[in-house]
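Counting from 1, the numbers follow the sequence of the chain as shown.
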Amino acid sequence: MPGFYTVVTGDGVKAELTATSHAGLHRYTFPSGKTPLLRLDLKQGIGWDKMYDSRFTQLSPTVISGYRYSTGWAKNQRVYFYAEFSRPMTLARQEGDSVAYLRVNDGNNDEAIMACVGISATSVDEAKANLRHELTNWNIEAVKAQADKEWDKELGRIKIETTNTDDRTIFYTALYHTMIAPSEISDDDAPSKRYTTFSLWDTYRAQMPLFTLIHRDRCADIGSTFMSIFATQGKLPVWHLWNNETDCMVGNPGVPVLADLVLKGLYPNKEEAFTALKTSQLRDERGLKELRQYGYIPFDKDTTNETVAKGLEYALADWSTAQVAKVLGKTDDYNYFLTRSKSYTHYFDKSVNFMRGVNSKAQFRTPFNPFHSVHRFDDFTEGNAWQYTWLVPHDVHGLVSLFGSEKKFTKKLDSLFVVHGDLGKDASPDISGLIGEYAHGNEPSHHIIYMYNYVGQPWKAAPLLRRVYREMYQNAPDGLSGNEDVGQMSAWYVISTCGLYQVEPAGGKFIIGSPLFEKAALNVGNGKTFTVLAKDNSDKNVYVQRVMLNGKPYTKSYISYDDIIKGGTLELVMGPKPSKWGTAKADRP
């Protein structure tokens with residue numbers, strides 16, 4: 001259950017753990033007659049995390065404090081702790097300043113050992129303060145019950161109705177996953193919350209838009225966190241972890257997230273935000289200098305590969321920046337970034353209808369195989385040309401025009417879901433969850449199915465969405481088709497099964513898809529609820545026949561963010577065959 005974990009070790013010790021925001025409560029029950037012994041290990045890390053400095057101090061028989069500094073993905077990660085034990089402990093042995101063996105010294109071997117542990121990214125004193133503020137007793141059942149109550153409240157931000165137990169389990173497991181990050185890094189007594197663990201290349205696509213619907217109360221602090229990071233490092237976060245910029249993945253994914261918050265009125269200081277957006281997009285790093293010089297990123301001028309992926313990501317970030325400039329009346333900036341958002345056109349080869357790497361002489365890379373992938377050493381990031389040709393979520397109609405017509409675009413899009421080819425022996429392992437060459441197991445594909453709405457064929461999206469719901473998400477330990485990626489894989493499921501998805505990276509135009517549930521009620525804040533009703537919904541009735549918004553006929557195949565947060569009811573009548581709903585040009589996004 002959320003907020004509680006228990007395990008019995010191989011030698012029979014039962015460990016139980018529960019937590020508050022900044023503190024944890026432990027209980028260790030040893031087999032009868034076994035001498036209780038605890039090992040405090042500050043050296044051990046996960047993955048490539050390596051401790052480079054640590055220290056612990058026994059302040060009294062029941063209190064130990066200290067810190068752990070480590071390097072790895074986060075180059076300078078600092079954790080401070082203050083731990084109180086329910087029984088007096090003797091330091092039996094230690095290994096330097098990183099490992100301690102603690103033995104109970106009161107002679108009672110059958111009583112459980114409990115530990116209250118506060119942590120902080122700031123200091124031992126703050127770790128102690130966090131502990132004092134949040135854990136006032138040793139009642140693990142009470143703390144566990146409080147954690148359960150808080151998680152129940154959070155998971156209640158969306159209430160679904162379904163008779164399918166597996167679907168319910170998958171949905172609420174997914175909703176839980178979407179809330180694991182971003183995580184709080186500020187101390188309990190901080191005037192506002194500061195967050196970390198921003199896997200933005202993944203989460204700008206669905207998790208962060210989902211937050212703008214059901215976590216609107218947290219969005220201002222997320223925006224403030226972004227601005228604090230910008231003040232520290234001179235650019236918006238890329239992949240921020242524990243007060244460290246990792247620069248993991250390509251593009252500037254923090255840009256569409258902050259732009260989205262501004263455009264939705266969730267971050268009030270628009271001028272300040274625009275400065276951060278513009279500055280981040282005009283730096284001389286990670287391919288941006290070459291982008292300004294050539295209008296695209298030539299593969300022979302960038303030594304780190306993945307130039308097509310970089311260019312496409314920068315294009316959508318430029319578009320997002322342009323939208324904020326437009327709101328602020330900054331005409332020159334708007335025109336500059338809007339023009340630069342068209343840089344994706346340089347990578348499109350009309351002779352084959354694929355995105356391809358381009359050199360500084362405007363020549364496409366040869367040889368070319370749209371199926372082929374070489375992880376980290378080709379023109380794409382964790383994908384191939386089949387998947388990346390569609391990464392223009394900010395200008396779908398512009399992409400359509402590159403194909404020459406909607407008919408040609410649709411024919412190519414249809415083929416994506418049926419073609420098969422050899423990815424090659426060095427292909428990215430992230431290319432998973434395949435339907436043809438559509439790769440649901442990785443994020444660059446997540447918006448693609450919804451592109452059918454842009455060409456007036458939402459009926460083609462419906463069966464594909466249902467197939468993804470059924471095949472790519474299972475009620476099992478390995479129930480995801482790819483890496484969870486800090487909540488994005490689950491966020492796609494949550495928002496999609498509610499019948500909505502934001503394709504454009506900022507602004508809040510939500511595409512209407514094919515809801516899985518008879519009813520999904522989203523708490524959008526300020527005491528308002530937005531409800532999606534799907535009448536006659538079933539595994540056969542996957543096609544939208546007609547739509548009502550607040551009791552009135554609604555013909556558009558998308559809905560605005562502003563209409564959603566007003567609260568109300570979107571009623572979809574479902575059927576077994578395609579209909580004309582959403583096919584008229586006036587009704588397309």
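Within 6.0 Å of OH in Tyr52 there are more than 12 heavy atoms belonging to other residues, nucleotides or ligands. Atom NZ of Lys128 is surrounded by 12 or fewer heavy atoms from other residues, nucleotides or ligands within 6.0 Å. Counting heavy atoms of neighbouring residues, nucleotides and ligands inside a 6.0 Å radius, atom CZ of Arg39 exceeds 12 of them.
The pair Arg218-Glu184 does not count as a salt bridge, with every side-chain nitrogen at least 4.0 angstrom from each carboxylate oxygen. Taking a cutoff of 4.0 Å between a charged side-chain nitrogen and a carboxylate oxygen, Asp189 and Arg132 do not qualify as a salt bridge. Salt bridge annotation for Arg205-Asp485: absent, with no cationic side-chain nitrogen under 4.0 angstrom from a carboxylate oxygen. A salt bridge between Arg470 and Asp167 is present, with a side-chain N of the basic residue lying under 4.0 Å from a carboxylate O of the acidic one.
Side-chain atoms of Tyr82 and Ser120 form no donor-acceptor pair, as typed in the model, at a separation below 3.5 Å.
Looking only at distances, no side-chain donor or acceptor of Thr173 sits under 3.5 Å from a matching main-chain atom of Ile170. Listed for the Asn130 side chain is a donor-acceptor partner under 3.5 Å among the backbone atoms of Asp188. Distance alone, capped at 3.5 Å, is enough to place a donor-acceptor pair between the Gln58 side chain and the Met89 backbone. With hydrogens and angles ignored, the 3.5 Å screen pairs no side-chain donor or acceptor of Asp49 with any backbone N or O of Gly72. Not a single donor-acceptor pair under 3.5 Å links the side chain of Glu16 to the backbone N or O of Tyr28. Within the 3.5 Å criterion, the main-chain N or O of Met489 finds a donor-acceptor partner in the side chain of Tyr473.
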| request: Would you please test Val238 and Met249 for side-chain contact (heavy atoms from CB on, under 4.5 Å) and show each step? | output: CA-CA 8 Å; Val238 178; Met249 310 308 291; 5.6 Å; no
| request: Might you work through the side-chain hydrogen bond (donor to acceptor under 3.5 Å, both in side chains) test for Asp430 and Ser428, ending with a clear yes or no? | output: CA-CA 5 Å; Asp430 300 274; Ser428 173; 3.0 Å; yes
| task | With ring pair (Phe, Tyr, Trp, His ring centres under 6.0 Å) as the test, would you mind laying out the steps for Phe171 and Phe517 before giving the verdict? | result | CA-CA 10 Å; Phe171 181 86; Phe517 307 110; 5.3 Å; yes
| request: Could you walk me through whether Asp125 and Ser123 pass the side-chain hydrogen bond (donor to acceptor under 3.5 Å, both in side chains) test, one step at a time? | output: CA-CA 5 Å; Asp125 287 343; Ser123 68; 5.2 Å; no
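Using a 4.5 Å heavy-atom cutoff, the side chains of Thr122 and Tyr80 are not in contact. The shortest side-chain heavy-atom distance between Trp239 and Thr197 falls under the 4.5 Å cut-off. Looking at heavy atoms from C-beta onward, Tyr101 lies out of side-chain contact with Leu38 at the 4.5 angstrom threshold.
Counting only residues at least two apart or in different chains, side-chain hydrogen bond (donor to acceptor under 3.5 Å, both in side chains) contacts with residues 518-534 are absent. Applying the side-chain hydrogen bond (donor to acceptor under 3.5 Å, both in side chains) test to every pair with at least one member in residues 219-232, sequence neighbours left out, gives these pairs: Arg194-Ser228.
Between His440 and Tyr493, a ring centre-to-centre spacing not shorter than 6.0 Å is recorded.
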Could you list the donor-acceptor pairs under 3.5 angstrom formed between side-chain atoms of residues 140-152 and any protein atom two or more places apart in sequence or on another chain?
unit_1: Glu141; atom_1: OE2; unit_2: Arg27; atom_2: NH2; d: 3.3
unit_1: Gln146; atom_1: NE2; unit_2: Glu150; atom_2: OE2; d: 3.1

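The cationic atom of Arg55 (NZ for Lys, CZ for Arg) does not lie both less than 6.0 Å from the six-membered ring centre of Tyr67 and within 45° of the ring axis.
Paired with Trp201 under the rule side chain to side chain donor-acceptor pair (under 3.5 Å), one option of Gln488, Glu382, Glu313 passes, and it is Glu313.
Taking both residues in full, the closest heavy atoms of Ile160 and Tyr172 are given as N-OH, 3.2 Å, listed atom of the first, atom of the second, then distance.
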